[in-house]
Amino acid sequence: MKTVKVQAKVNQELCTGCRTCERVCPVYAAELVKEDKGFHVEIDPSLCVGCWNCEQRCPEHAIAMVACEPFDISTDVSLYDYGQIKELCRKARFHPKQLVCYCTATRAEELAAAILGGAASPEALVRATGVGSGCGIECNQTILRFLEAAGVAWERKKGSYQWMGRTMTNWEVPAEVKQKYAGFRFDSDREIMDRIVQAPVEP
Ligand code: SF4
Ligand code: SF4
C-alpha cells in the first residue's frame, strides 16, 4: 500500500527528448510525443505513482516532483480467498505476511491478492499495490517471481530498462556451483528460508 503525495512534472524547456524517463518508469507513465516541429514529454498523472525514478535519472534535471492530491494505491486482501493467497505466496516462496517491499511496507499477501484480482504484468502490480514504487530495486525480483509462480505471461515494453528477467534464487543454484562455493552454505540458508515460507500464518 502506498499513499502517493507527489508526481512527476516535466519542464519542457529543459527536456532534450533523450527518453530516459520513458525507459525507467516502472508503470510506463512517461512518454515522448513527437510533433511536426519537435517533441514533448507527457507524464500521465493517472498512472504516475510518484517513485522519483525519472526525476533522479533525467540528465537535464528537467523533471520535478510536485505535490498532488494524495491518493492511496492498495489491494484489499480480505476480498480474496486466503487459501489461494497462501498457495500463491508459497509457490513464489514467500510467507504471506512477509514484507516484500520495504519502501511501501507491502506484504506478500497483497501481491498475491492483486494477481488474483487480475494484475497481469509488473506495472499492473505496481499500480495495484504500490510495490516497486520506492527504491525501484529491492522488490523487482519479487514481483517477477510472483508473476512466474502465478503462470502469468507478460512482455516488457520494447526499449524499456525496467523489468529485466528474473535472476536465480537459492532454490535453483546448480549442484556444481554449490560444490565449487561450498562455503556459501546454500543448502542451510535454503532450509531456513523454507521454514519461513512454511511457517503458520497468524490470524
Ligand atoms: S529524461 Fe529528462 S531530458 Fe530525457 S526525455 Fe525525460 S524529461 Fe526529457
Ligand atoms: S515518478 Fe515514477 S511513476 Fe511517475 S513518471 Fe516518474 S518514473 Fe514514472
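Numbering of ligands and ligand atoms starts at 1, following listing order. What you see is a predicted model, and the numbers here were worked out from it, not measured in a lab.
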| message | Quick check against the 3.5 Å criterion: does R156 have a side-chain atom that pairs as donor or acceptor with the backbone of S160? | response | yes
| query | When you check the gap from the basic side-chain N to the acidic O, do K178 and D187 get nearer than 4.0 Å? | reply | yes
| remark: Result, protein N, O or S atoms below 2.8 Å from atom 4 (Fe) of ligand 2, excl. waters, equals 1
| query | Any donor and acceptor pair, going by atom type alone, linking the side chain of R145 with main-chain N or O of A92 inside 3.5 Å? | reply | yes
| remark: Distance col, row E22:CD vs T20:OG1, nearest 0.5 angstrom, shows 9.5 Å
| said: Show the atoms of ligand 2 that are less than 4.0 angstrom away from any heavy atom in M65. | reply: 1 (S)
| request: Using modelled atom types only, decide if a donor and an acceptor are shared between the side chain of Q141 and the backbone of G165 within a distance under 3.5 Å. | output: yes
| Backbone N or O of T75 within a donor-acceptor pair of the T129 side chain at under 3.5 Å? | no
| field | Residue pair E109 / Y80, side-chain donor-acceptor N/O under 3.5 Å | value | no
| request: Work out how many protein N, O or S atoms lie closer to atom 8 (Fe) of ligand 1 than 2.8 Å. | output: 1
| task | Compare every heavy atom of E110 with every heavy atom of V77, then report the nearest pair and how far apart it is. | result | CG2-CA, 3.8 Å
| field | Residue portion contacting ligand 2 (non-hydrogen atoms closer than 4.0 Å) for E55 | value | neither
| request: Compute whether any side-chain donor of one residue and acceptor of the other, for D44 and S46, lie under 3.5 angstrom apart. | output: yes
| Going by atom types only, do S188 and E191 share a side-chain donor-acceptor pair under 3.5 Å? | no
